[in-house]
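Just below is one structure, and these are the notes that go with it.
Reminder, nothing fancy here: chain letters follow the sequence lines and each chain counts from 1.
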There are 2 protein chains.
Amino acid sequence: MGTSDNIVRLHQRVSCDECSLNRFCLAAGLDAQDTERLSATMRHSRPLPRGHRLFRSGEPLEHLYVIKAGAVKIYSSTADGLEQILRFHLPGDLMGLDAMGEERHMSTAVALETTMVCMLPWHAIDTAMRQIPGLQHQLLRFVGNEIATENERVVLLGQRSARERLAAFLLYLSAQFKRRGLSATEFNLPMSRQEIANYLALAIETVSRLFTSFQGEGLVTIERRFVRLESLEAMRQTAYSDSVSAVS
Amino acid sequence: MGTSDNIVRLHQRVSCDECSLNRFCLAAGLDAQDTERLSATMRHSRPLPRGHRLFRSGEPLEHLYVIKAGAVKIYSSTADGLEQILRFHLPGDLMGLDAMGEERHMSTAVALETTMVCMLPWHAIDTAMRQIPGLQHQLLRFVGNEIATENERVVLLGQRSARERLAAFLLYLSAQFKRRGLSATEFNLPMSRQEIANYLALAIETVSRLFTSFQGEGLVTIERRFVRLESLEAMRQTAYSDSVSAVS
DNA sequence: CGTAGCTTTGAAGATTTTCAACCTTAGTGG
DNA sequence: CCACTAAGGTTGAAAATCTTCAAAGCTACG
């Protein structure tokens, strides 16, 4: 038990039309020829094991990555060796955009589970952009959304209690899975408690206790990495107004 | 006393070559004609009073703004009315980039003191980008840097204590002023205690106490909004390793 | 079956917030 | 010119939240 039948595991393969082509080219209004030209430069990774590093802080920007299957964490390391997870990525997500400022990665990307990616050479994108006006526009949109997401993250860390943060995190995952056609209420966490804690800027024990507490209130059912949200509405209550004590 | 002679106030006018033209066009390698064409679309605001709103969350993206003089805070409002200041901007800074994703502002910009800005119509930039390859490249660099800055902010909120955050904030301001040719060790805070507290995700009382404490340790001299950093090195110690008790 | 790694739980402790009061400064009107 | 007021800032004490330390439990894997 734990993993229900209707839960599709993340590492099932997603067709590649779904990733680069669709999100990049078609949305940018490219014609078939342009799409073909760009996708020819694209390389596909073999399955990468848990812990595999896609890129590392400081390295020059060589590729953008689109996840085909699996999950990835992006983290930043401070001078004194502390790590802060900045975001998690799921299939379909584009990674590496934050390197565009300096053409150098400012963060490190590591696979959380067996992961496959498409690699788009940056120089190919760079030259394609000069010829295809829609592409750069699309890219700016992506980056703009990235900033908006980061902003929400600062609000989360700045304004929300531990309880609210964890609830918001579960809702965030729920929305991500739903967008990918998976269950919004039942899923497996791709990351460890330690990684959740780090992401939410909490101690691992705090996360553990909150999970227990959520379960006690009937908000969720949790079994190791399996999560079932018993009520999205109650979870929203918890995420956005802890002051109004969350009764079922 | 408080305001020394050698401290140039922010609201002294910065020449406009300094803002849009320089940062945007010249850096993008545009020729004189292109630069001229783009700068012709640019509008200059009259001095805006403290509290003036430049743009508001939800509004469609109409302009990018470059600060000529003054200071601006960017904040995001949550559904339940809480505000989180995302960043402060000083003369020369470009604002509005985070609206590119949805072509709609996701945050609100308000003048902290009397402020003057250049307004660049987004449609002009958008069309110019299609013709001038260097421009979009430059824009992507800007946005990339914005993401890198946001990342650092998440690390600050996630990994640093109140003490470390405030020290890092003072060093951040110091660097900003230095970059603008002003004193790195003596300046006036453009924002209130409340705004500092909100930015650092702390209670206003905590900020106040820390200022007092810093002063007691001889790290700074503070008088209302005037700040003198007595030792940048000691302040760095405080910002990055509070564990090693900060002795002069 | 045993070990290693991750997770949970409890108790004590630290940091930060909240509440409440007071102080200071700048602006206002008598 | 001076007192008054409002806004912002400081300080102290109590309380809450979250973390740390320590130990034990569980699961997966060899």
Worksheet item: Taking the side chain of A:R209 as its heavy atoms from C-beta onward, which of D:dG9, D:dT11, C:dT9 lies nearest to it?
Response: C:dT9
Worksheet item: Between B:S107 and B:S76, is there a donor-acceptor pair closer than 3.5 Å when you use the side chain of the first and the backbone of the second?
Response: no
Discussion item. Just N and O in the side chain of B:T206: are any of them under 4.0 Å from OP1 or OP2 of C:dT17?
Written reply: yes
Fill in: Salt-bridge present (A:E83, A:K73; N to O < 4.0 Å)
no
Discussion item. Can you give me the bend angle of the helix from C:dC1-D:dG30 to C:dG30-D:dC1? Use the axis through the first five pairs and the one through the last five, nearest 10 degrees.
Written reply: 30°
Worksheet item: With a 6.0 Å cut-off on ring centres, are B:Y172 and B:F88 close enough?
Response: no
Worksheet item: Please give, in whole Å, the distance from C:dT8 P to A:Q194 CD?
Response: 12 Å
Discussion item. Here's a test of your reading of the structure: between B:S192 and A:R165, which maps to the more 5' nucleotide of DNA chain D?
Written reply: B:S192
Worksheet entry | Nearest-Å distance for atom pair CG/P, residues B:L202 and D:dG9 | 15 Å
Response to the item:
Rounded to whole Å, the CZ-P distance (A:F211 to C:dC6) equals 16 Å
Fill in: Length of the line joining B:N198:CG and C:dT17:C1', which is rounded to integer Å
15 Å
Worksheet item: To the nearest Å, how far apart are B:F226 CZ and C:dT24 P?
Response: 20 Å
Discussion item. For B:R225, is the CZ atom crowded, meaning more than 12 foreign heavy atoms sit under 6.0 Å from it?
Written reply: yes
Worksheet item: Between the main-chain N or O of A:T185 and the side-chain N or O of A:S174, is there a donor-acceptor pair closer than 3.5 Å?
Response: no
Response to the item:
Taken to the nearest whole Å, CZ/B:R225 to P/D:dT10 is 11 Å
Item to complete: Report which part of the nucleic acid B:A197 touches: base, sugar-phosphate, or nothing (heavy-atom distance under 4.0 Å, all strands).
Response: nothing
Discussion item. Distance check needed: C:dT8 C1' versus A:R193 CZ, whole Å only.
Written reply: 9 Å
Worksheet item: With no hydrogens and no angle check, is any side-chain donor or acceptor of A:R193 less than 3.5 Å from a backbone partner on A:V207?
Response: no
Worksheet entry | Ring-face cation of B:R165 near B:Y199 (centre distance under 6.0 Å, axis angle within 45°) | no
Discussion item. If I take atom CG in residue B:L210 and atom P in nucleotide D:dT11, what distance separates them, rounded to the nearest angstrom?
Written reply: 12 Å
Item to complete: Can you check whether any acceptor in the base of D:dC21 is under 3.5 Å from a donor in the side chain of A:E205, or vice versa?
Response: yes
Worksheet item: Is the distance from OP1 or OP2 of C:dT24 to the nearest side-chain N or O of B:R224 less than 4.0 Å?
Response: no
